[in-house]
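Following: one structure in structure tokens, then a few remarks.
In this text, all values refer to a predicted model and were calculated from it rather than measured experimentally. All ligand and atom numbering here is 1-based and tracks the order in the structure.
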Amino acid sequence: MVIESLFYFSLAVLQALEDGLKKADADPSVKAVMICGENGKFSAGADIRGFSAPQSHPGIGLAPIVSLIESSEKPVVAAIEGVALGGGLEVALGCHYRVAHVKARMGLPEVTIGLLPGAEGTQRLPRLIGVPAALDMITTGKHIPATEALKLGLVDEIAEENTIEAAIRLANKVIGQPLAPRRLSLKPVPTLPNMEAFLREALVKVKKQARGCLAPELCVQAVRAASERPFAEGLRRERELFRLLLSSGQARALQYAFFAERAVRRWATPAGASWSSANAQPVRSAAVIGLGTMGRGIVTSLVKANIPVVALEQDLENLKKGRKAVMLLLEREAMKMEGGAQRLDFHNPARLQFTVDFDLLRDVDLVIEAVFENMALKKEIFHKLSKICKPGALLCTNTSALNINEIASATSRPQQVIGTHFFSPAHVMRLLEIIYGSHTSPSAIATAMQLAKALNKIGVVVGNCFGFVGNRMMFPYVQQAVFLLEEGSRPEAVDEVLEDFGFKIGPFRMSDLAGLDVGWRSRQGQGLTGPSLPAGTPARQRHGQRYSPLPDLLCEHGRFGQKTGHGWYLYEKAGGRTATPDPWLHNFLARYRDTHGIKARAIDQEEILERCLFALINEGFAILAEGIASGPEHLDVIYINGYGWPRHRGGPMFYASTVGLPRVLAKLEQYSEVHPDVPGLRPNAFLRKLVAVGSPPLQEWMSYVSWQSPKL
Ligand SMILES: C[C@H](O)[C@H](C)C(=O)SCCNC(=O)CCNC(=O)[C@H](O)C(C)(C)COP(=O)([O-])OP(=O)([O-])OC[C@H]1O[C@@H](n2cnc3c(N)ncnc32)[C@H](O)[C@@H]1OP(=O)([O-])[O-]
């Protein structure tokens, strides 16, 4: 008998499964049962949308179905195609046998949405594949290919062709064989000589990586229960931990992030361009100009995505250095992939070639410029590209802040100029900030979004302003952090607060990693420091607003961060990675405060967190009000995937909604009164408006913005 399920479980599907099983068990002509999915997809698990109403959630009702499958007196075989994830894999674990298509993937990704497998998976999986392998799958949520599943014993057979036929063959073969040995709930968990030590170490490792996220830790506790308790008691522990997570704010934040990352695909611009009507152009070949850190990562991303690349540098010396670095990156990437070297084939000139000759860019579909952040140089390059590249070629710039319109003005085809802001390391970071200029065509936007998908990145479409979205919100965040140093704090104190919040690295470690000279060059370019600063400008004021020269002063002392061995911290050597608090800096801060008559004060953790985060969030409201981004989800996806915002807090705007907009507003007003010359603390009018209308839920915020993108 065949019972078909749905891609992700609804209550109706569970009912159909239960009815089908009972009917099969009651029908003497039925000798075996096979469970398969529809349209070549087994199941993606429970419907995540349902978690907001836990009591009626299919995930809760799935466990009894899994037990019903396992207790069937007739062999039940799972035919796994496409994916078997979460509850889908737990259903397969209740089956007595499992056949998977060679291209199928399996996993228990509940941890990625703030939960743990809630249909007895934490108790069955360790019994089938052992604690180490089960713990790795459950605490990471990773998908494993069928070949690995076979090696682990997660599946009994792999089918190259028709999985359903293979499953039916197996079902017929096992009719009449004893089922007790196939019931995982009756199997003991395979022992380990050092189980206690293994579980303790696993917990320490998971807690360190989770940086405050609860679910991975509770996953370890559920698997520990499997190793220590009888099956029924382990189930009770699983249910207890599942309900604890289900009601947690972290689960809501992670589920919000899951859907936000899908919502940003449905982009729109205030001018009316939209994902639903724009047509992407094919990108069958690409070029990258500039083989610095970013260019190397971008080339590597394109090769990994199977897009033939021409990598261009300005001269042979830089080309040789860039080529060497790219080949090293690709060799490392190839080692991570099964058959990587063959698949990437990057020694093949048809796949990857290096040149100093612009003429080789004549026929590519898309060019990504990744040279120095210097407007004159970028305009010179775009002017040249505009003359050389074929008419339909897309001309992209990897600038992280500069005006797209000005760059486009150097070409005769501004409709094909677009910002594609990659994040370092470009072959690792998933975010691609896509910035349209005033003349950028809808097709160019759609093509850039298609490129993001091809590179396995998350594209977010944003408008053109200084710093776009990510860096524009990052500026007030870092600015507040530096002001806090002037007022009495230290880099390690500020970083500790933000890292305890969940950031991988705080603002000062981040600045040392990126290089203080990057911002310094930008501020020199803006005339905020250096020789172009008008004589008589007050040291701590620019354009009538508070300004901290601290980062400039560090750069003038040659302290660029890790690359010079000292910046906000001291490192073991130039290029060192180990940051230690630097007595020189502490003395320097004390001297600086004396010079400017600043009396140091003790600054508590709450003020540090709020001054940094609420200034960032406040800029987010300005961005939404100006129509630079289509919605709060876009800002949250950018921060989670490009700036290390802790995923289990949902993103800055989601976090603001959980703190409560009235509190964010009140604290900004309080800090703004103390620091009236810091514009970033003055509450944005849109934030005020939302509070005034009763702080509606985040999904409704954009209905209160005066500009409106067309209904998607
Ligand atoms: C009891 C049990 O223990 C527990 C409690 C559970 O079982 S909890 C649930 C555990 N399962 C998961 O965590 C799997 C989550 N899904 C995925 O990982 C991926 O979807 C995918 C399966 C690998 C396919 O990737 P894709 O890239 O091909 O398509 P997509 O764009 O991602 O998804 C296509 C569309 O389907 C929607 N979607 C996908 N999975 C969904 C799910 N489980 N629930 C609701 N919607 C889902 C998604 O929002 C998108 O909608 P829209 O944006 O088009 O409107």
Side-chain angles (χ1 to χ4, degrees), residues 5-11 13-14 17 37-67 69 80-94 103-125 134 137-138 140-145 215 218-219 222-223 235 238-239 241-248 251-252 254-267 275-276 430 449-450 452-459 631 633 637 647 699 712:
S5 69
L6 178 70
F7 187 46
Y8 37 84
F9 292 123
S10 60
L11 292 173
V13 169
L14 299 189
L17 263 174
E38 282 174 315
N39 314 319
K41 289 181 181 177
F42 189 73
S43 168
D47 185 333
I48 302 173
R49 275 178 294 238
F51 286 129
S52 51
Q55 66 291 348
S56 64
H57 186 268
I60 308 286
L62 187 56
I65 305 285
V66 178
S67 298
I69 293 169
I80 300 173
E81 300 171 290
V83 290
L85 297 173
L89 183 57
E90 289 174 294
V91 162
L93 289 171
K103 290 201 176 121
R105 288 180 296 142
M106 283 141 269
L108 292 174
E110 289 87 341
V111 69
T112 64
I113 52 172
L115 300 172
L116 54 74
E120 309 182 351
T122 65
Q123 307 303 305
R124 283 198 172 81
L125 191 62
M137 281 184 71
I138 293 171
T140 62
K142 69 181 185 182
H143 300 179
I144 63 167
L218 272 56
C219 284
V223 173
L235 285 191
E238 177 188 279
R239 271 196 293 277
L241 294 167
F242 183 82
R243 288 190 187 285
L244 194 65
L245 289 172
L246 190 61
S247 58
S248 78
R252 275 196 297 282
L254 287 162
Q255 289 148 34
Y256 163 80
F258 175 87
F259 289 113
E261 288 172 346
R262 284 149 182 85
V264 297
R265 294 172 192 163
R266 297 184 281 274
W267 57 270
W275 67 284
S276 55
R430 291 206 65 206
M449 282 295 277
Q450 175 189 263
K453 187 169 183 188
L455 300 178
N456 190 29
K457 291 184 182 293
I458 298 178
E633 299 85 350
V637 169
R647 191 181 180 85
Q699 288 76 4
L712 304 185

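- In this structure, A63 and G118 approach most closely via the heavy-atom pair CB-O, 4.1 Å.
- Those atoms of ligand 1 with a heavy atom of A119 less than 4.0 angstrom away are 3 (O).
- With rounding to the nearest 0.5 Å, the separation of CG in L85 from CD in E90 is 11.0 Å.
- Across all non-hydrogen atoms, the minimal contact from L89 to M106 is CD1-CG, 4.0 Å.
- In terms of heavy-atom proximity, F42 sits nearest to V91 at CZ-CG1, 4.3 Å.
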**OP:** Take L245 and L116 through the side chain to side chain contact (heavy atoms under 4.5 Å, CB included) test and state the conclusion after the steps.
**Re:** CA-CA 8 Å; L245 289 172; L116 54 74; 3.9 Å; yes
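- Close approach of ligand 1 to E90 is summarised as follows: ligand atoms under 4.0 Å from at least one heavy atom of the residue are 1 (C), 2 (C), 3 (O).
- For R262 and F258, the positive end sits near the middle of the six-membered ring, less than 6.0 Å away and at most 45° from its axis.
- Backbone and side-chain nitrogen or oxygen atoms of G87 are examined, and one is located within less than 3.5 angstrom of a nitrogen or oxygen of ligand 1.
- Under the 4.5 Å side-chain criterion, counting only non-hydrogen atoms from C-beta, E120 is in contact with E238.
- The N/O atoms of R265, backbone and side chain alike, include one that comes under 3.5 Å of an N/O atom in ligand 1.
- Checking A44, G45, S43, G61 against atom 12 (C) of ligand 1, the nearest heavy atom belongs to A44.
- Of the N or O atoms in G118, one or more lie within a sub-3.5 Å distance of an N or O in ligand 1.
- Atoms of ligand 1 found under 4.0 Å from any heavy atom of P117 (numbered from 1 in listed order, with element): 3 (O).
- Heavy-atom contacts of E110 reach the following atoms of ligand 1: 2 (C), 3 (O), 4 (C), 6 (C), 7 (O), 8 (S) (cutoff under 4.0 Å).
- Side-chain contact between W275 and M449 is absent, with no heavy-atom pair separated by less than 4.5 Å.
- Looking at F258 next to ligand 1, no N or O pair under 3.5 Å apart turns up.
- Contacts with ligand 1 closer than 4.0 Å are made by no heavy atom of K41, backbone or side chain.
- Here the shortest heavy-atom distance to atom 30 (P) of ligand 1, taken over Q255, R266, R262, belongs to R262.
- Where the criterion is an N or O separation shorter than 3.5 Å, residue side chain and backbone included, A46 meets it with respect to ligand 1.
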